[in-house]
Amino acid sequence: MNYQVINVKCVIIGAGMAGISASANLLDNDYKDFLVFEALERIGGRICTFNTDRGYLELGAQWIHGQQGNPVYEIAQKNDLVAPGFEKFLQNPVAPKIDEKNLFPPANNQSLLQTFNAKTDCDKTLFLTQSGQKISYKFANSVYDTLTKIILGAELLNIDPKSKIDNRVGDYFYDKFCEIVRNEMRKDLLDHTVQNLNDYDLKRLLNGLFIQRDRRENIRNGCYNIFDVSLKNFSCYKEFPGHSYVELKRGLTPVLDALISKHKNEFYSRLYLRHYLKKIILSPELIDVPDCYNRPSLHSTYAKTAQKAVVIICDASNPEKPRDFVVVCEHILCTMSLGYMKENINIFLEPLSLISEAKRLAISRLGFGCTNKIFLVYEQPFWNEKMNLLNLIWVPEDLNFRLDKLNHRNDTKKIWYEDMVKIEVVNSHPNTLSAWMTGNIEFEQLDEKTIGLRCTENLRRFFNDPSIPEPKFVLRTKWFTNRYSRGTYSHMPIGSKPQDFDEIARPIPGDSNPIVMFAGEATVHDQLDSNRQE
């Protein structure tokens, strides 16, 4: 088969944050001999701002995490993109003391549950149960603050990374919570006998609040279940000082536009959308024992030298007539997601033996979770204008099986709507709610009508109001179904190591001869910095 051949010095695979910032960096240094290939029909990767004539919705990344020293924040600030209230540097609070009084003790269990009216209730943050009752904000917030202190405390443990003993963050989280409840409320959450009905109901409430806070931690850590995450490695992440959730005026996509604004025409003239990677072929001469090919090597046909690579790209811009072509180059920067690499590491590069066992193990050990959003757009709001956050508290019916749904035992994955963590009022788009999903990808196979109906059932149930209307429009994400992402962001499970990020970033065939390089979120936990490193 004869291929169209393109010769270029450098190829960048992917036009997400890492690929775009790499391109901008090259152009800033007057380096123009490169091309960018993006599989999707848009740039941005997991940054995806959906604009309408009424506002915008963030389908992917939503905030900038941290301010001081954060290059993304610096770009946003320089281009006047930071939302009011987030322009000034926020001093990080002093580490919390878990030994101080934490929980607000209830006078009696009945006072914890209150009747609720969506139109008249003025609380900005609500904690509602599936039976349509409102949990006392003072009590629920004290439980939430306690759980947050435990998590922040876990991040400060500084366990010796060389220690062979590791525990799950979820176990530490729950054990500490049980200890505090036992000390401050004289209640044993591990005792499930029904001796006192009020006491049992209180334990159900406490467990329901823990389960919901646990699921929110799944969102923050990019995992399916916080019980999968390594406690030893929990403090290994680089965090920038300052506000943890910086909001922007028009979403995150304008940050990408600002990044390439100086070289906009030159960037887009080198960008090929709907062009996906099929294969990277390096010379068999780069390994000690050449692989046995069942077909003639395309490398020897097109590259002529061991110091060049052959990249096979599929042009899918015309879905009815996709075509492959060959790019011959000296360097390749791969910015694909860890989820993509987990699925394709044994497919997209030849000879296969050039991928070290250490790199395979690093890719295998690191985790890659999935967080999704469901946007519900209404004709007019049915909620009080002061409300901005609804926490869905699924109170367990039977405490013997209280954590089963976190671990999706007994086929609970199919009950996907119970993995709906919270519902937020979307400030950037009128009359819109955003439901956050974590730990469950089953719903990605459902259509928008079915999802909208189930979300309506959830809302009617939690608000205890059968008159809540169906949304006029439903928009949802499918980050796992997307074969170029297969999830949203990485985490460190039991058995992983901080060095795994370095190993994934290590070039092929090696540091002294970097032909294939890697950048992105799963290489240094900062996509903008990772491309500059490469």
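Throughout, numbering of the chain's residues begins at 1 and tracks the sequence.
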Residues R486 and E343 bridged, charged N to O under 4.0 Å: yes
Mind checking side chain to side chain donor-acceptor pair (under 3.5 Å) for K278 and listing every partner two or more places apart, or none if nothing turns up? D324
Nearest 0.5 Å, please: how far is OG in S23 from CG in L35? 10.0 Å
Checking D166 now: which residues fulfil side chain to side chain donor-acceptor pair (under 3.5 Å) with it, not counting sequence neighbours? S230
Less than 4.5 Å apart, any side-chain heavy atom of V311 and any of C329? yes
When you look at E266 and K264, which way does the salt bridge (Lys or Arg N to Asp or Glu O under 4.0 Å) test go after all the steps? CA-CA 6 Å; E266 291 180 316; K264 185 174 181 178; over 6 Å; no
With the threshold set at 4.0 Å, does a side-chain nitrogen-carboxylate oxygen contact exist between E74 and K78? no
Strictly under 6.0 Å, is that where the ring centroids of Y272 and F37 end up? yes
Contacts of Y378 meeting ring pair (Phe, Tyr, Trp, His ring centres under 6.0 Å) (sequence neighbours excluded), chain-then-number -> F382, W383
Taking it one step at a time, do I6 and V326 satisfy side chain to side chain contact (heavy atoms under 4.5 Å, CB included)? CA-CA 6 Å; I6 297 175; V326 163; over 6 Å; no
When you compare the side chain of L298 with that of K279, does any pair of heavy atoms fall below 4.5 Å? no
Any side-chain heavy-atom pair from R270 and V8 closer than 4.5 angstrom? no
Enclosure of K497 NZ (heavy-atom neighbours >12, cutoff 6.0 Å): no
So, using side chain to side chain contact (heavy atoms under 4.5 Å, CB included) as the criterion, who are the partners of E155 when residues are at least two apart? I151, L152, R220, F234, E239
Closest non-hydrogen atom pair between E38 and A15, with its separation: OE1-N, 2.7 Å
For K472, I'd like to know if atom NZ has over 12 heavy atoms of other residues, nucleotides or ligands within 6.0 Å. yes
Please report the interatomic distance CG(L156) to OG(S235), rounded to the nearest 0.5 Å. 8.0 Å
Could you give the distance from CG (L376) to CZ (R476), rounded to the nearest 0.5 Å? 12.0 Å
Stepwise side chain to side chain donor-acceptor pair (under 3.5 Å) test for E521 and S490: CA-CA 8 Å; E521 177 263 344; S490 62; 2.6 Å; yes
Nearest heavy-atom approach of L354 to S283 is CD1-O, 4.5 Å
What pair of heavy atoms forms the shortest contact from F240 to P71, and how long is it? CZ-CD, 4.0 Å
Within 45 degrees of the ring normal and closer than 6.0 Å to the centroid, is that where the cationic atom of R46 sits relative to Y484? no
W436 CH2 to L389 CG distance, which is reported to the nearest 0.5 Å: 11.0 Å
Let me confirm one number: the CZ-CG distance from R506 to D511, rounded to the nearest 0.5 Å. 5.5 Å
Listed pairs under 3.5 Å, donor-acceptor, residues 361-375 side chains, sequence neighbours left out:
from: R365; atom 1: NE; to: D500; atom 2: OD1; distance (Å): 3.3
from: R365; atom 1: NE; to: D500; atom 2: OD2; distance (Å): 3.1
from: R365; atom 1: NH2; to: D500; atom 2: OD1; distance (Å): 2.7
from: N372; atom 1: OD1; to: T477; atom 2: OG1; distance (Å): 2.6
from: N372; atom 1: OD1; to: W479; atom 2: N; distance (Å): 3.1
from: N372; atom 1: ND2; to: E444; atom 2: OE2; distance (Å): 2.7
from: K373; atom 1: NZ; to: E58; atom 2: O; distance (Å): 2.9
from: K373; atom 1: NZ; to: G60; atom 2: O; distance (Å): 2.8
from: K373; atom 1: NZ; to: Q62; atom 2: OE1; distance (Å): 2.7

Sequence neighbours left out, what pairs pass ring pair (Phe, Tyr, Trp, His ring centres under 6.0 Å) with at least one residue falling in residues 328-357? none
Output all residues satisfying side chain to side chain donor-acceptor pair (under 3.5 Å) with D30, sequence neighbours left out; order by chain, then residue number. none
Taking side chain as C-beta onward, heavy atoms only, is T335 less than 4.5 Å from I13? no
Looking at residues at least two apart in the chain, or sitting in another chain, which of them share a side chain to side chain contact (heavy atoms under 4.5 Å, CB included) with D28? K262, H263
Apply side chain to side chain donor-acceptor pair (under 3.5 Å) to N346 and list each qualifying residue two or more places apart in sequence or on a separate chain. R360
Within the structure provided, determine whether K124 and M387 are in side-chain contact (heavy-atom separation under 4.5 Å). no
So, are K359 and E357 salt-bridged, with charged N and O less than 4.0 Å apart? no
Please assess N318 against R323 for the test side chain to side chain donor-acceptor pair (under 3.5 Å), listing each intermediate value before the final yes or no. CA-CA 9 Å; N318 182 352; R323 62 187 182 92; over 6 Å; no
Do L286 and P509 have side chains that get closer than 4.5 Å, going by heavy atoms? yes
Trace of the side chain to side chain contact (heavy atoms under 4.5 Å, CB included) decision for I43 with Y268: CA-CA 10 Å; I43 65 170; Y268 279 105; 3.5 Å; yes
Gap between atom CG of L40 and atom CZ of R274 - 0.5 Å precision: 9.5 Å
Just wondering, do L157 and K232 contact through their side chains at under 4.5 Å, heavy atoms? no
Using ring pair (Phe, Tyr, Trp, His ring centres under 6.0 Å) as the criterion, list what pairs up with H65, not counting sequence neighbours. Y245
Check this for me: does any side-chain nitrogen of one of R215 and D419 sit under 4.0 Å from a carboxylate oxygen of the other? yes
Pair V310, V327 - check side chain to side chain contact (heavy atoms under 4.5 Å, CB included), show working. CA-CA 6 Å; V310 168; V327 181; over 6 Å; no
If a pair satisfies ring pair (Phe, Tyr, Trp, His ring centres under 6.0 Å) and one of its residues is in residues 66-88, list it, with sequence neighbours excluded. F86-H243
Pair H275, S317 - check side chain to side chain donor-acceptor pair (under 3.5 Å), show working. CA-CA 7 Å; H275 283 63; S317 56; 5.0 Å; no
Which heavy atom of N440 sits nearest to which heavy atom of W416, and what is that distance? ND2-CA, 3.5 Å
So which heavy atom on P351 is nearest to which on P284, and how close? CG-CA, 4.0 Å
Measure the shortest side-chain to side-chain distance between C10 and Y31 over non-hydrogen atoms and say whether it is less than 4.5 angstrom. yes
Residues forming a side chain to side chain contact (heavy atoms under 4.5 Å, CB included) with R168, sequence neighbours excluded: D171, F227, I494
Smallest heavy-atom separation, G44 atom then I20 atom, equals N-CD1, 4.2 Å
Thinking salt bridges, do D80 and K249 make one under a 4.0 Å N-O criterion? yes
